[in-house]
Amino acid sequence: MRVDVLTIFPEYLDPLGLSLVGKARRDGRLDVRVHDLRAWALDRHRSVDDSPAGGGAGMVMRPDVWGRALDDVLPAPEADSAGPVLLVPTPSGRALTQSLAAELAREPHLVIACGRYEGIDSRVAEHYGATGKARVLEVSIGDYVLNGGEAAALVLVEAVARLLPGVLGNPDSLVQESHGVDGLLEGPVYTRPVSWRGLDIPVVLLSGNHGEIARWARDRAIERTAGRRPDLIAGLDVAGLDRADRSVLASLGWVEVAGRLVRFAVREAGPADVDRLVAFAADTFRDACPPGTAEADIRAHVVRHLSRESWFERVGSPERNLVIVAESAAGLLGYVLAVLPAYPEEPPADPDVASAVPERPAAELSKCYVRADLRGKGLASALVEATHAELATRRVASRPVAAVWLGTNESNRRARRCYARLGYLPVGRRRFRVGSTEHSDVVMSRPLGELP
Ligand code: SAM
């Protein structure tokens with residue numbers, strides 16, 4: 001690749017003789033030529049600027065000087081070549097990103113025109129764009145203002161040159177770094193000593209288990225990106241996400257809705273949520289009924305257990321009921337209802353459950369529903385984990401909750417697997433009816449306050 005840089009401060013570009021870029025030049029992979037713009041100034045003072053048309057502060061770089069310089073530096077147009085890319089650094093340009101750097105790395109010839117003062121007369125970019133002598137790209141290296149384009153030129157050359165074949169000693173370095181193909185920032189990195197000033201390298205990195213290390217690194221990358229650059233999470237390609245990714249994302253408040261990651265919040269519901277809960281609970285109950293459930297039974301269940309009154313009662317009695325909702329800007333995405341006993345020793349009402357779950361006080365994870373299109377995306381886990389965290393703060397007559405139990409339809413293996421991941425173990429069975437249909441549930445429970 002050839003790069004021509006035009007500047008009034010050629011020495012500013014001296015660092016391009018150092019490090020990997022310098023080596024690439026010496027190896028002949030990169031041909032950098034720095035030109036002093038003043039060589040094309042004609043007057044005694046070799047001036048390159050003049051006062052701005054229309055008045056105002058500062059000076060503007062003259063088009064005639066730039067025109068002579070660029071006419072000399074740009075090669076004559078060839079029929080089968082699009083010509084070089086003329087990069088004009090400016091804070092008002094297109095943002096330099098890793099993908100733009102990768103595009104530029106495929107070009108054989110870049111010319112960088114470093115502005116100073118208030119910038120270069122706008123006709124320069126206009127003219128060279130129109131004549132076909134070059135493809136003009138005004139480019140910004142960030143949302144701040146520098147004194148001149150030289151620092152931007154250094155950034156451009158370094159960002160592009162390290163992508164040229166053979167420039168980095170280990171090309172794998174390019175695979176797992178920030179702004180790479182996976183769209184994530186890189187997570188934290190460590191080296192010896194293992195312990196430094198009381199801070200240890202995370203144990204997994206010393207395990208030698210490459211699968212676990214890769215998973216750990218990806219989880220940290222997702223966490224860091226969500227914390228620092230939520231815009232990058234919103235732009236992730238969901239096709240590249242596996243189940244573990246989705247569950248980390250959900251624990252950080254992101255879930256895929258219609259092919260895009262959207263933010264959701266998990267919080268306790270209040271009276272203002274009742275109307276939405278009524279509609280949502282009826283819809284999700286219907287969606288979750290096993291095929292063949294009679295319509296009349298569904299309706300009767302909704303009227304009896306999911307009425308407006310019942311929801312008002314639940315959100316109005318936090319000592320007995322905990323309603324947690326997940327919502328995005330688009331509305332409710334899911335909810336959990338957990339029921340606490342009235343007194344510590346109160347057993348679960350069903351005797352089969354009471355004997356399968358001996359711990360007291362025992363809370364019931366009574367309902368956990370997510371929108372049908374959001375199943376299997378980690379949202380239910382995020383809701384259940386938020387419920388555990390909240391239940392751990394609750395007391396039944398000053399006793400902490402000892403266990404949480406739930407019943408899940410025995411045909412629903414997906415739900416059982418999900419609860420198993422959340423620390424629940426099957427402990428028994430129970431039967432219950434929705435109208436005339438008898439259901440058999442697997443009863444699962446987990447101690448509270450312990451990690452799954
Ligand atoms: N008046 C210009 C404006 O407000 O957009 C700023 C001119 S700046 C003081 C002088 C020169 O620094 C620019 O012509 C450009 O070459 C360079 N420069 C400043 N900030 C830059 C940035 N964020 N990215 C790229 N080049 C920048």
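For ligands, and for the atoms within them, numbers begin at 1 and follow the listed sequence. By convention here, the first residue in the shown sequence is residue 1. These numbers come from the heavy atoms of this one structure, side chains and all, not from hydrogens, waters or symmetry mates.
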S.K.: Could you check whether atom CG of Asp143 has more than 12 heavy atoms from other residues, nucleotides or ligands sitting under 6.0 Å from it?
M.R.: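 Atom CG in Asp143 is not packed in, count stays at 12 or less.
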S.K.: Taking the six-membered ring of Trp311 as reference, does the NZ or CZ atom of Arg308 fall below 6.0 Å from its centre and within a 45° cone about the axis?
M.R.: no
S.K.: List the residues meeting side-chain hydrogen bond (donor to acceptor under 3.5 Å, both in side chains) with Asn321, not counting sequence neighbours, and say none if there are none.
M.R.: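 Asn321: side-chain hydrogen bond (donor to acceptor under 3.5 Å, both in side chains) contacts with Ser317.
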S.K.: If the plane angle is over 60° it's perpendicular, under 30° parallel, otherwise tilted; pick one for Tyr419 and Tyr424.
M.R.: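 Because their plane-to-plane angle is over 60°, the rings of Tyr419 and Tyr424 count as perpendicular.
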S.K.: Who passes side-chain hydrogen bond (donor to acceptor under 3.5 Å, both in side chains) against Ser178, sequence neighbours left out?
M.R.: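 Ser178 satisfies side-chain hydrogen bond (donor to acceptor under 3.5 Å, both in side chains) with no residue once adjacent residues are dropped.
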S.K.: List in chain and number order the residues that pass side-chain hydrogen bond (donor to acceptor under 3.5 Å, both in side chains) with Lys133, two or more places apart in sequence or in another chain; answer none if no residue qualifies.
M.R.: Asp71
S.K.: What does the 4.0 Å heavy-atom contact list look like for ligand 1?
M.R.: Pro89, Thr90, Pro91, Gly115, Tyr117, Glu118, Gly119, Val139, Ser140, Ile141, Gly142, Tyr144, Val145, Leu146, Asn147, Gly148, Gly149, Ala152
